[in-house]
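The first residue of the sequence shown is numbered 1, and numbering continues consecutively from there.
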Amino acid sequence: MNPFALTGSVAIDAVRETGRMADFGARGAMAWVTGPFYWRAFFASLVRIGFASLPVVGLTAIFTGGALALNIYDGSLRFNAETFLPQILGVSIVRELGPVLAALMVAGRCSSAMAAEIGTMRVTEQIDAMSTLAVDPFKYLIAPRILATTLALPILVLIADIIGVYGGYLVAVYALDFSGPIFVTNIAEFLENRDVYSGLIKAAVFGFLISVMGCYYGYASRGGAQGVGAATRTAVVASAVAVLASNYFMTSLLVKV
């Protein structure tokens with residue numbers, strides 16, 4: 001009933017959980033360094049996380065680009081600045097919307113899958129059996145997923161950037177009567193290399209966080225099917241929060257104010 005004791009207990013538990021996640025992520029990221037590295041598990045994870053996520057990421061990007069073009073045009077029209085639509089669209093997608101939306105889609109699709117797969121192996125004692133057979137679970141289960149997600153997400157974001165800009169191009173040219181060549185030229189001349197690099201750096205960090213959250217909550221799940229379901233739900237929520245929170249801190253570091 002003591003609110004101060006309750007607040008302190010929650011804060012201490014949050015710090016402990018953060019420390020466990022950091023230790024888990026460090027172990028998973030460094031497990032592949034000492035070897036052996038399971039290449040088959042890595043490429044299988046790369047296909048499931050990267051290639052299989054292309055449809056949902058592409059659909060999200062093209063509709064986001066089209067809707068963003070309409071909103072930018074409507075807002076800039078009030079100030080007679082509608083000619084700046086290509087520049088604003090390109091920067092918005094490449095620096096913010098592309099990385100964040102692609103990461104959220106991958107978090108919803110892949111983080112839950114990781115938590116469910118590893119959680120099922122945990123509650124059915126497959127991970128314990130693996131350890132008994134002298135197979136390190138971090139090397140076989142965690143490290144390939146972390147590395148695959150960290151490498152796949154920047155590629156997905158780069159593709160999402162292209163598709164998102166193309167979606168804005170379609171709306172601008174065929175619905176708002178913009179000139180196609182001028183639209184492309186304005187984006188190419190306005191975007192800088194650091195705009196693209198900042199988005200790809202964010203994507204790599206997002207991929208690491210998403211995979212760590214999914215693997216951590218799956219690895220720590222207990223209590224049968226109900227525990228696996230809770231771990232899956234928590235992994236998705238934690239991944240989304242981690243993506244949005246880290247996006248702010250990385251933006252404050254990468255943007256020149």
ask   = What class does the angle between the rings of Y166 and Y169 fall in, given that below 30° is parallel, 30 to 60° is tilted and above 60° is perpendicular?
value = parallel
task = Could you tell me how the ring of F24 sits relative to the ring of Y216: parallel (under 30°), tilted (30 to 60°) or perpendicular (over 60°)?
result =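 Perpendicular: the ring planes of F24 and Y216 meet at over 60°.
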More than 12 foreign heavy atoms under 6.0 Å from [atom1] of [X]: is that the case here?
| X | atom1 | value |
| --- | --- | --- |
| R27 | CZ | no |
| Y140 | OH | no |
| E17 | CD | yes |
| F42 | CZ | yes |
| D177 | CG | no |

Report yes or no: do [X] and [Y] belong to one cluster of Ile/Leu/Val/Met/Phe/Trp/Tyr joined by side chain heavy-atom distances under 4.5 Å?
| X | Y | answer |
| --- | --- | --- |
| M121 | V212 | yes |
| V173 | V165 | yes |
| V106 | M250 | yes |
| L153 | V241 | no |
| I72 | F79 | no |

Would you say the side-chain atoms of [X] pair up with the backbone N or O of [Y], donor to acceptor, closer than 3.5 Å?
| X | Y | result |
| --- | --- | --- |
| T149 | I146 | no |
| S111 | G108 | no |
| S9 | A5 | no |
| N186 | I182 | yes |

side-chain hydrogen bond (donor to acceptor under 3.5 Å, both in side chains), paired with R95, selected from D161, D195, T251 =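 Result for side-chain hydrogen bond (donor to acceptor under 3.5 Å, both in side chains) with R95: D195.
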For [X] against [Y], the heavy-atom pair lying closest together:
| X | Y | result |
| --- | --- | --- |
| P55 | A52 | CD-O, 3.5 Å |
| A31 | A143 | CB-CB, 4.0 Å |
| S221 | G119 | OG-CA, 3.2 Å |
| L209 | A242 | CD1-O, 3.9 Å |
| T150 | G207 | OG1-C, 4.1 Å |
| Q126 | T124 | NE2-OG1, 3.0 Å |

Atom [atom1] in [X], atom [atom2] in [Y]: separation rounded to 0.5 Å?
| X | Y | atom1 | atom2 | result |
| --- | --- | --- | --- | --- |
| L141 | I127 | CG | CD1 | 5.5 Å |
| I163 | L158 | CD1 | CG | 10.0 Å |
| I49 | I210 | CD1 | CD1 | 9.5 Å |
| I187 | I93 | CD1 | CD1 | 7.5 Å |
| S246 | L253 | OG | CG | 11.0 Å |
| I88 | L68 | CD1 | CG | 9.0 Å |

Output field: ring centroids F138/Y219 closer than 6.0 Å = yes
Do [X] and [Y] have side chains that approach each other closer than 4.5 Å (heavy atoms only, starting at C-beta)?
| X | Y | value |
| --- | --- | --- |
| N247 | P99 | no |
| F249 | V205 | no |
| L104 | T60 | no |
| D128 | R122 | yes |
| R16 | I12 | yes |
| L147 | F37 | yes |
| V157 | V57 | no |
| M114 | R48 | no |

request  = Show your working on side-chain contact (heavy atoms from CB on, under 4.5 Å) between E189 and Q87 and close with a plain yes or no.
outcome  = CA-CA 9 Å; E189 292 180 350; Q87 294 89 329; over 6 Å; no
